[in-house]
Amino acid sequence: MSDPRPVPLLTLRGIGKSFLGVRVLDGVDLDVAPGEVHAVVGENGAGKSTLMKIVSGGYTPDEGTVEFAGEPRTFRGPRDAQRAGVGIIHQEFNLLPERTVAENVYLGHEPVRRGLVDRRGMLDRTRQLLASIGETALPADARVGQLGVAQQQVVEIAKALALDARLLIMDEPTAALADHEVELLYGLVRRLQERGIGLLYVSHRLAEVFDLSGRITVLKDGRRVTTVDTADATADELVRHMVGRELSSYYPDRADADDPGPVRLSVRDAGNRKLRGVSLELRAGQVLGIGGLQGSGRSALARALFGVSPFSTGEVTLAGKPVRLRSPRAAMRAGIAYVTEDRKAEGIVPRQSVLDNALLASRAVFAARSGHAARTERVRELLAAVEVRAAGDDQEIRFLSGGNQQKVVLARWLALNPRILLFDEPTRGIDVGAKSAIHNLIRRLAQDGAAVLMISSDLPELLGMSDRIVVMRDGRIAGELPAGATEEDVMALAVGTVREAAA
Amino acid sequence: MSALSLLPARRPVPGVFVALTLTLAIGWLVVLLDGGQLFNQSTTVSLLHVAAGLGLVAVGQTLVILGGSLDLSVAYVISLSTLVAAETMNGSDGAVLPAIGLVLAVSAGIGLFNGLLVTKLRVNAFIATLGVGLLLKGYLDNGYDGPAGTTAPSLVQSLGYQRVGPVPVSFLLLVAVTAAAWFALSRTRFGHHLIAVGGDPEVARLSGVRNDRVLVTAHMLCSMCAGLAGIYLASRLGSGAPRVGTEGLYDLESIAAVVIGGTALAGGRGGVVGTVGGVLLLASIDAIFNQLEVDAFFKQVIRGAIIIAAVAVYARRAMRKAA
Ligand SMILES: Nc1ncnc2c1ncn2[C@@H]1O[C@H](COP(=O)(O)OP(=O)(O)OP(=O)(O)O)[C@@H](O)[C@H]1O
Ligand SMILES: [Mg+2]
């Protein structure tokens with residue numbers, strides 16, 4: 001059979017890897033040609049990130065061979081791989097919050113002049129890099145810790161580009177990006193492709209995989225299931241390979257619109273540094289979706305309701321009584337739970353076990369002794385319900401795959417049995433199978449009488465799950481839409497092409 | 001996006017200098033009311049001498065702490081260095097340079113050993129450097145009951161007692177070492193990598209930093225700074241003193257100065273300029289209490305309170321930043 005593709009840039013043969021006796025990768029073959037985008041998909045914990053770290057020198061394989069640019073290579077460490085021309089955008093941010101953007105971008109290969117770090121040159125080059133990916137608003141000398149998640153993701157991308165790699169790995173580069181930034185990334189991927197750079201692209205968003213890649217490899221439980229040409233593949237077929245079963249593409253049934261539950265929480269004309277004139281109601285049994293662009297104030301709203309950066313004006317009433325939610329602890333005691341968008345930084349205690357992490361919030365809120373066994377039991381059920389894959393619930397959480405860590409954090413908040421639930425991007429980074437499990441779980445919580453607020457940048461999810469949708473823009477509420485609204489309706493409000501719709 | 005998140009990163013003057021100014025102002029006033037004079041020639045000179053000795057150690061300590069490590073062996077390295085210096089010189093001016101060279105080599109060797117224990121054998125820095133310190137203590141206790149050797153007179157005159165106005169040469173040495181360390185941290189790859197290793201070792205590793213090398217180098221530099229402090233003390237005392245390091249509490253005081261100066265104990269944030277501020281603050285408190293003839297016990301209580309207050313202030317700031 002003749003192969004129209006040029007000589008591969010990267011060839012993996014029979015890659016195997018175990019951690020503490022647990023087999024994570026088993027006989028994986030894969031190759032990438034120059035100028036090709038090769039997508040890798042699979043469930044949380046399938047081994048995608050582990051494979052990517054083997055290619056980029058973060059781990060050494062137990063078995064198998066890596067050939068790069070026609071030569072067999074064993075990278076002894078990330079430095080080795082970088083020298084050879086392999087760059088990676090990690091799924092977890094690899095940034096130092098205390099250092100500037102430029103210092104982070106050039107960490108490990110700072111430009112030097114006469115033996116000294118050329119700080120001006122470093123700043124200039126960082127600005128150029130950021131400009132080349134269309135980010136001109138991000139100052140190169142800002143401290144990374146001050147940046148939002150999306151901006152940090154951009155820094156992470158710039159950091160990988162600064163290496164001038166011949167093979168660039170992107171491990172869920174869009175997990176934290178808003179739509180317009182995803183567009184910028186698309187443009188970037190195409191330009192890199194034209195320059196003959198090979199790309200390995202890991203994502204849970206199948207739309208991206210179909211838009212960008214030439215071939216797709218599916219991993220399941222550490223094994224390669226199949227590699228297909230994207231042109232011949234369908235989404236259903238991919239999902240079947242990933243999950244090993246058919247998935248219904250339907251969202252769970254909505255609440256009965258004619259029989260709304262009582263108002264659990266209402267906000268009247270409230271504001272703080274980032275929000276103005278916010279009014280909304282959360283009803284028992286309903287999911288209120290919050291749409292809007294990155295930076296429109298969606299997360300600020302959740303943070304205000306949870307007492308992280310409280311409202312300074314306006315009033316909040318809980319079940320009819322005025323309350324002041326001045327701290328997360330006060331909010332938790334009032335029955336509010338908040339699943340943050342930045343689950344890595346705000347979410348996990350890396351060296352504690354899965355179970356301890358899941359019990360963290362319950363232990364903080366409830367007295368130590370009472371009902372301990374019952375709560376542990378409930379947490380175990382929740383961990384199973386969100387389909388966490390771990391060696392056991394006593395495993396340290398830092399060894400879990402990124403998506404599985406997020407599921408544990410999710411379980412933690414659900415364990416509080418909250419009456420009001422705030423979700424910020426609940427399924428970001430979570431695989432297709434577990435996604436629908438989480439959707440079902442959210443709906444079930446609502447049916448059991450919880451009031452749910454769900455922020456989502458994933459429009460199909462927002463439209464599919466919400467009983468009502470509030471769209472935000474510039475720290476204000478741009479409008480409210482009923483169930484059955486379209487993507488166009490949401491976007492029109494989000495970018496402000498229509499005048500404030502009927503609220 | 002809010003304008004706040006787009007501010008460039010400022011590297012603010014550490015709050016320790018505000019505290020230092022306040023302390024000196026209040027101290028000056030209190031001493032004045034007591035009928036004394038805080039800033040006469042002799043008190044200023046002795047304050048700067050105290051600062052020079054502690055400062056040399058603390059600048060080195062800053063490097064290892066920035067890298068997420070710690071050195072508890074410095075006090076013994078200082079004692080050993082005074083002995084190596086004084087015994088090698090044995091009163092002869094011709095032997096000054098070889099003696100300094102030998103001290104630096106010995107202390108670098110100890111730093112290398114500390115560094116290898118911490119990186120290659122992955123012994124916790126606290127335990128590793130404490131262990132090395134105890135080894136040195138055993139050697140010192142065994143071999144020496146009291147002062148030994150004689151420092152060369154030229155070194156005693158110059159580094160020990162010579163001044164430029166009210167500023168001792170030894171303090172100028174501290175200024176030079178601090179400047180060098182500042183430069184290394186902000187303008188060399190080693191400095192950038194060291195701060196990265198302290199900030200997050202895994203991030204540093206995945207970014208291509210050779211963590212072990214960087215940390216070993218920091219440990220060597222830290223020990224060499226302690227060696228310099230030893231040479232300085234030998235030139236003050238005129239001989240080697242087997243217990244001068246521990247009696248001066250140089251291990252804990254140097255760590256205290258680093259923390260008061262705003263460097264995070266966990267590493268990754270801070271710098272040597274703040275440390276020198278911390279050293280001056282501790283030395284000023286000493287000077288003020290000496291003037292007031294406060295008893296030694298009360299002095300320790302006040303110092304303890306200041307250290308705790310400093311850590312609390314920085315912790316609050318860090319929390320506000322995170323919020
Ligand atoms: N350092 C480690 N020690 C032990 N187990 C690990 C380690 N790193 C990963 N694993 C395990 O290896 C498996 C694969 O993890 P990996 O991160 O490669 O998954 P993934 O496909 O990237 O998942 P996700 O979609 O959630 O990012 C998981 O079961 C994880 O728990
Ligand atoms: Mg992953």
Side-chain angles (χ1 to χ4, degrees), chain A residues 53 56-58 77-83 88 90 92-112 115-119 122 137-148 150-151 159 163 273-274 294-297 300 303 308-309 345-346 398 475, chain B residues 1-12 14 65-68 180 182-214 262-271 274 314 317-323:
Chain A
K53 283 187 186 156
S56 61
R79 193 183 179 83
D80 241 19
Q82 286 174 12
R83 293 272 151 103
I88 179 165
H90 286 280
E92 276 81 36
F93 293 153
N94 269 281
L95 301 173
L96 300 166
E98 293 293 337
R99 304 292 271 169
T100 65
V101 172
E103 283 164 348
N104 269 288
V105 166
Y106 281 98
L107 178 59
H109 53 108
E110 295 82 359
V112 285
L116 297 177
V117 172
D118 177 10
R119 295 173 65 153
M122 203 159 90
L138 188 59
D141 54 357
R143 211 169 52 83
V144 163
Q146 293 182 319
L147 305 178
Q151 287 175 312
K159 183 172 170 182
L163 286 169
R273 267 195 13 233
K274 292 188 175 167
Q294 197 85 26
S296 61
R303 292 166 69 86
V308 184
S309 5
E346 298 174 26
R398 65 191 163 119
Chain B
M1 251 343 299
S2 76
L4 189 88
S5 63
L6 299 179
L7 286 179
R10 275 173 302 133
R11 303 245 155 93
I65 291 184
L66 269 178
W182 178 86
F183 199 73
L185 286 174
S186 67
R187 302 301 298 278
T188 67
R189 280 189 173 173
F190 161 72
H192 283 241
H193 294 181
L194 180 63
I195 294 172
V197 171
D200 190 330
E202 188 61 8
V203 170
R205 188 182 78 89
L206 291 176
S207 304
V209 172
R210 281 169 290 198
N211 293 17
D212 289 2
R213 254 188 224 207
V214 171
T263 295
L265 252 186
R269 188 180 73 232
Y314 292 124
R317 254 195 230 169
M319 251 163 64
R320 265 212 304 278
K321 235 188 245 168

- [ ] Output the distance between atom NE2 (A:His109) and atom NE2 (B:His192), rounded to the nearest 0.5 Å.
- [x] 13.0 Å

Task: Region of A:Lys53 in contact with chain B, defined by heavy-atom distances below 4.5 Å - done: neither

Task: Heavy-atom pair of closest approach, residues A:Pro78 and B:Gly208 - done: CB-N, 4.4 Å

Task: Note, A:Arg79 side chain near B:Ser207 side chain (heavy atom, < 4.5 Å) - done: no

Open item on the list: Given heavy-atom pairs under 4.5 angstrom as the criterion, report whether the side chain, backbone, both or neither of A:Leu95 touches chain B.
Closed with: backbone

Open item on the list: Restricting to side chain to side chain contact (heavy atoms under 4.5 Å, CB included), what partner residues turn up for B:Asp200, sequence neighbours left out?
Closed with: A:Leu96, B:Glu202, B:Val203

TODO: Ignoring hydrogens and angles, tell me if any N or O in the side chain of B:Arg205 forms a donor-acceptor pair with the backbone of A:Gly58 under 3.5 Å.
DONE: yes

Task: B:Ile195 side chain near A:Glu98 side chain, heavy-atom distance below 4.5 Å - done: no

Open item on the list: Can you tell me how far apart CG (A:Leu116) and CZ (B:Arg189) are? Round to the nearest 0.5 Å.
Closed with: 11.0 Å

Open item on the list: Applying side chain to side chain contact (heavy atoms under 4.5 Å, CB included), can you list everything that pairs with B:Arg213, at least two apart in sequence or on another chain?
Closed with: B:Arg210

Open item on the list: Please classify the contact of A:Gln82 with chain B as side chain, backbone, both or neither, using a heavy-atom distance under 4.5 Å.
Closed with: side chain

Task: Which portion of B:Phe190 sits near chain A, non-hydrogen atoms under 4.5 angstrom - done: neither

- [ ] Among B:Gly199, B:Gly191, B:Ala196, B:Ala184, single out the residue with the greatest number of heavy-atom pairs under 4.5 Å to chain A.
- [x] B:Ala196

Open item on the list: Please determine whether side-chain contact (heavy atoms from CB on, under 4.5 Å) holds for the pair A:Glu110 and B:Thr188, giving the CA-CA distance in whole Å, both sets of side-chain angles, and the decisive distance to 0.1 Å.
Closed with: CA-CA 9 Å; A:Glu110 295 82 359; B:Thr188 67; over 6 Å; no

